[in-house]
Each structure stands twice: as C-alpha cells, then as structure tokens.
Number of protein chains: 2
Amino acid sequence: MSRSSAVPESSREQEQNPSSRSRKKKGLDAVYRSVADAIIEHRLKPGARLREDALAEVFGISRTGVRKVLQRLAMEQLVTLTPRRGASVTRPSVDEAKDVFEARQMVECALMETAARRVTAAEIRELREMDRQEREALRSGEQRMAIKLSAAFHSRLASLSGNTTLADFVGQLCSRSSLILAVYGNSGHLGCESHDHGKLIDLIAEGEGRKASDFMERHLKSIEASLSIDEDSEETPDLKDIFRTAAD
Amino acid sequence: MSRSSAVPESSREQEQNPSSRSRKKKGLDAVYRSVADAIIEHRLKPGARLREDALAEVFGISRTGVRKVLQRLAMEQLVTLTPRRGASVTRPSVDEAKDVFEARQMVECALMETAARRVTAAEIRELREMDRQEREALRSGEQRMAIKLSAAFHSRLASLSGNTTLADFVGQLCSRSSLILAVYGNSGHLGCESHDHGKLIDLIAEGEGRKASDFMERHLKSIEASLSIDEDSEETPDLKDIFRTAAD
DNA sequence: TACCCACCCATTGTATACGTTCCGTGTATG
DNA sequence: CATACACGGAACGTATACAATGGGTGGGTA
C-alpha cells in the first residue's frame, strides 16, 4: 500500500493537464511525448511505478499501445522494465550518472566545433529564443519547464552539427541527465546556470568552435560537480539506520 | 512488381537455415538475436521485407512478440518501420553512413585512451582470442561470420572503457556499420583488415592509449574510404536508364 | 510472540480476433 | 491502346481475452 500510493496523483495530473489535450483518438506518438515529458519535468519521479492499466485508462488507449510506449522509453533508459514487476521510472545509479556525463562531455564538446562551422543566422536566432524562454521559465519559478527547456537547448545545439545519429544520442543523454538531476541534484540551484547558455551561443555565433568546446566542457563539469553523489546514499534506504535514533 | 519481387527468397532462407535452431519455447530475446545476427551477417540484405506473419511462423511465436522484436530493431536503426507497409531491413543512406562513421571515429578513438588505462591481462587474452577467431573465419571464407566477429570485436573493445552507455552506443554503431558495408562495401575486401585488429590489441596492451587512438582513427578512415559511396547509386533504380541500351 | 507457509489477488506476458488501409489487378471507357 | 476507376486481397494497427507468475496478507505453529 505504501508503494502503490506514490503515483496515482500524477496520473490525475495528466488528465487535467492541458498539454495532453485529450488526444484520445489519433497520436500514439503523442502518448510517448506526454510520458517522456512528465519524466523529464520530474512530474514523474524516479522510482515511480507505471502501471499499464492506469496509463491505458488515462490516455484512453489499450494496454497494447501503452506497452509499446513503455518499451520505447525503456530503450532510452527513461523507464526500467522489471520482468514481472512492470515498469517504473529509472532511478539512475551513480555509475550510470558518471557514464552519462562522461559521454556528454565527449560528444557535446566535439560537436561544438562542427556546430560553430555550420550554424546559420536563423539557427542562432532560434537558440537565443530558446535561451530566453528558459531564463523566463527560471525567473518565474517554473523549474520543471526550465529543466525541460535546458535539455531541449543542449539537444538542439547538438543537432546543429548535422549529424543525426550523434544528435539523437545527445538527446537521449540529455533526457537521462534530467533523471540524474532529479536524484542527485541539489534543489538549491538547477543544473544549468542561465548565463552559461547565452555565452555558449555567443561563441558559436562567432565561429569560435574551440572556445565553445572548452566552455561546454567547463559547463558540463560544473553541472556534474554540483551533483551530490554520495556513495552512501545508495542501496537500501536503511530503515534501521534511519530510525535508529527513534528506537534508541 | 519490380519492388515486391526483390525479396521473398530471403524469408525462405530463414526457414531452411539451421542457425535459428528451433528455439520455439523459451527465449523471446533469442528471437531478437537471431534476427539481428541475420541482418548483421548479411543473410538478410538491406531492403528485405520482414513480414510479421512469416517471422511469427518461423519462430513459433505470435505476432505480438514479433512486433516487439521489430520495434527494438527499428530503434537500433537495423530495420525501418514504414507506417502501413511493415518492416524491412534498413537501407542506410549516404548521409547516414557518413554520420555513423563520424560518430565511430569520435567515440571509439576517445575510448581507446580510457581502455588502454583500464584493460586487464584477461581482457587482452580475450581480445586476442576474438581476433584469432575473426582471422580464422576470414581464412576459411566465412565472410558472414567474419563480419559479425569484426563488429563484436569493436564493440568489446569499446566496453573496456567501463562506460556502459558509450559501449552500448558503439555496439549499435557497429551493427549499423555492417549494414553500411552490405550496401556500399566492395565485395573485394571486407572492411577490417585482419592485421589491424592485432596491432590495435598490441597498442592497448602496451598502454599506448594515444597511439591506439590514432591507429583506430586511421583504421576507421580506411574502412570508410574503402566504401564506394557513389552519389548516383541513390534513389530510384532508374528503369529507363538501365534498359536504355535494350530499348535502343 | 515471532517466524514460516500457504493461499489469493493484482499485474504482467502472450495469443487471438477484428478493423483498417494500401497495393495490385482487372475491366471499362475515352 | 492507354488511362482511370473500382474491387479484392493481404498485411498491419489495435483491442480484448486468457494464462501465468510473483508479491502481499493472513493464519497457523513452534
């Protein structure tokens, strides 16, 4: 009972949320985006169980479609499919978090040099607009939206390279980073400092690929450093340890 | 008629081939490996249609399981799911091929440095054994097996870095490379020259990460250069052009 | 009182059945 | 004789029904 009660409220949120505006009939892909966004925005927290029946009822589709969506999310490491236990939002391990940020530094930095060479004026304007929206969301206290926009910004930045394969990979890494922030992030300051993205755009616009790459490296390292990856916060919640004082 | 008649023989290959040895009962995941291997080994050529009913009958499972497998393969870019046309083995475009090899050079080279630092003696032995098997297959004319082993070698090499995320990514890139070789490769010489892998192992074993990275870059560039990426070989087979001489 | 076993229910895994859409072919007409 | 329309069939998309398994709870016993 204690576990199953962790989620149902969020599914109600889905109904009343206008973002998933009653797309009952067409758009199976829209269901995927809805769930993915909910996870990225931390409306569905790591560890939350995703029962097939519940999702099927919420979105007005059958379990068949739900399973397809969950499988796709599982392949992107956003949800974890335990053989007979069902699906739950992935709770990234410390090693996983480390791997994801190592991958991001490797790929995103390298792509900056290509992006600086290929970027167009229209794309620069688009990036500035995205940055503006992100800061706007951050300013008005919409942390959830800011997190999603930040991931979208990094993903769009990677897509400037023109390499679809690497861009998609970065997109997945950014999504997983949102999960990592949800688990290991300090609620005090979010991952991306707003002014960083603006500076990044400047460097790209000036064609300073090398500097953009270096800046991106520092940017990502600073995000990673801001995480509180305590080794001891792993494994069992240690009921004994937690309630030791109470029992003492 | 011209398009649909291009494939049906391949589905018969599946039936008579003993490699998919009657894994009827357990192992839904085994079906995935069977199909993936068939694609990587070029037993299923790019463009080959994969009818759900046929696969279901061959593997003794229902279409439900087949669809799950096909979806997974589609996500790894090994098969293409056309909305109402069904599944077919992906025929990589020129741009896709270029992207994949750019990604491989970026990631695999970078991982060599990490691998050279972390590799153990046991892993070196394992790599040498894999290299031996690959050369053995190449020597005995089993090109299909050699292609698969070569991809497995690169994938295993990447996994030495300890970064699961990047290793999995490289694994997918290697699988897609097999497809690219099937389309753009000259049947004369396969992608990986056998002695290259041995040299790569030597450098890793000696802890020469930098040299290993450089060598890997040359290795991959040489594979890419061996491809015959003719821009004109794209698009429609141009029945008019092909039969112009006959009509003339 | 604490631990273990057995039963029941909830949830997922799999298969089958139905609806839908698109391709191919055949015929009719300009 | 060519083209266009229409019909039939085949394959995919979706939903529903059944089967199997694991966990949770309750009772019994040491």
Side-chain angles (χ1 to χ4, degrees), chain A residues 1-8 10-11 22-32 34-35 44 47-75 79-90 236 239-240 247, chain B residues 1-12 14 23-32 34-35 44 47-75 79-90 236 239-240 247:
Chain A
M1 192 192 294
S2 58
R3 232 161 306 179
S4 59
S5 65
V7 190
S10 54
S11 46
S22 64
R23 44 181 74 267
K24 306 269 183 180
K25 303 300 187 318
K26 85 179 175 68
L28 156 90
D29 199 66
V31 176
Y32 161 79
S34 292
V35 179
L44 285 172
R49 286 192 59 186
L50 303 171
R51 288 188 307 123
E52 297 178 353
D53 291 343
L55 290 174
E57 190 179 2
V58 168
F59 290 102
I61 59 176
S62 187
R63 278 182 49 215
T64 309
V66 172
R67 288 181 64 81
K68 186 185 293 189
V69 170
L70 289 177
Q71 254 195 17
R72 181 172 169 187
L73 290 168
M75 195 147 288
V79 311
T80 301
L81 259 52
T82 312
R84 285 284 177 179
R85 295 287 300 275
S88 59
V89 179
T90 298
T236 49
L239 303 177
K240 298 168 298 191
Chain B
M1 190 193 295
S2 58
R3 235 161 304 181
S4 59
S5 66
V7 192
E9 308 81 11
S10 54
S11 47
R12 281 214 305 267
Q14 283 287 34
R23 43 181 77 264
K24 307 269 182 178
K25 303 301 190 313
K26 83 178 174 69
L28 157 89
D29 198 68
V31 175
Y32 161 79
S34 291
V35 179
L44 285 172
R49 286 192 56 187
L50 302 172
R51 294 205 342 262
E52 295 178 355
D53 291 344
L55 289 175
E57 189 179 1
V58 167
F59 291 102
I61 61 177
S62 189
R63 277 182 49 213
T64 308
V66 173
R67 286 182 65 82
K68 187 184 292 187
V69 170
L70 289 178
Q71 257 194 17
R72 181 172 169 188
L73 290 168
M75 195 147 287
V79 312
T80 300
L81 258 53
T82 310
R84 285 283 178 180
R85 297 286 300 274
S88 59
V89 178
T90 297
T236 48
L239 303 178
K240 297 169 298 191

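If you're wondering where the values come from, they're calculated on a predicted model, not measured in any experiment. Chain naming here is simple, since letters A, B, ... match the order of the sequence lines and numbering starts at 1 in each.
- Residue Arg63(A) contributes atom CZ, which lies 17 Å from atom C1' of dG13(D) at whole-angstrom precision.
- Arg85(B) places its CZ atom 21 Å from the P atom of dT20(C), with the value rounded to the nearest Å.
- Between Arg67(A) atom CZ and dA15(D) atom P the separation is 14 Å, expressed in whole Å.
- Distance alone, capped at 3.5 Å, is enough to place a donor-acceptor pair between the Thr90(B) side chain and the Thr80(B) backbone.
- At distances below 3.5 Å, at least one donor-acceptor pair connects side-chain atoms of Arg49(A) with backbone N or O atoms of Arg85(A).
- The closest side-chain heavy-atom distance from Val35(A) to Val79(A) is not below 4.5 Å.
- As rounded to whole Å, 12 Å separates atom C1' of dA10(D) from atom CD of Glu52(B).
- Put simply, NZ on Lys68(B) is 17 Å from C1' on dG13(D), counting in whole angstrom units.
- Rounded to whole angstrom, the span from the CZ atom of Phe59(B) across to the C1' atom of dA15(C) amounts to 18 Å.
- Atom-to-atom, CG of Leu50(B) to C1' of dA11(D) comes out at 14 Å; the value is rounded to the nearest Å.
- Residue Thr82(B) is the one, among Thr82(B) and Ser62(A), whose nearest nucleotide of DNA chain D lies closer to the 5' end (criterion: closest heavy atom).
- The line from CG of Leu50(A) to CG of Leu73(A) is 8.0 Å long, rounded to the nearest 0.5 Å.
- Between Arg84(A) atom CZ and dA10(C) atom P the separation is 17 Å, expressed in whole Å.
- Using a 4.0 Å heavy-atom distance criterion, Arg51(A) is classed as a sugar-phosphate-only contact.
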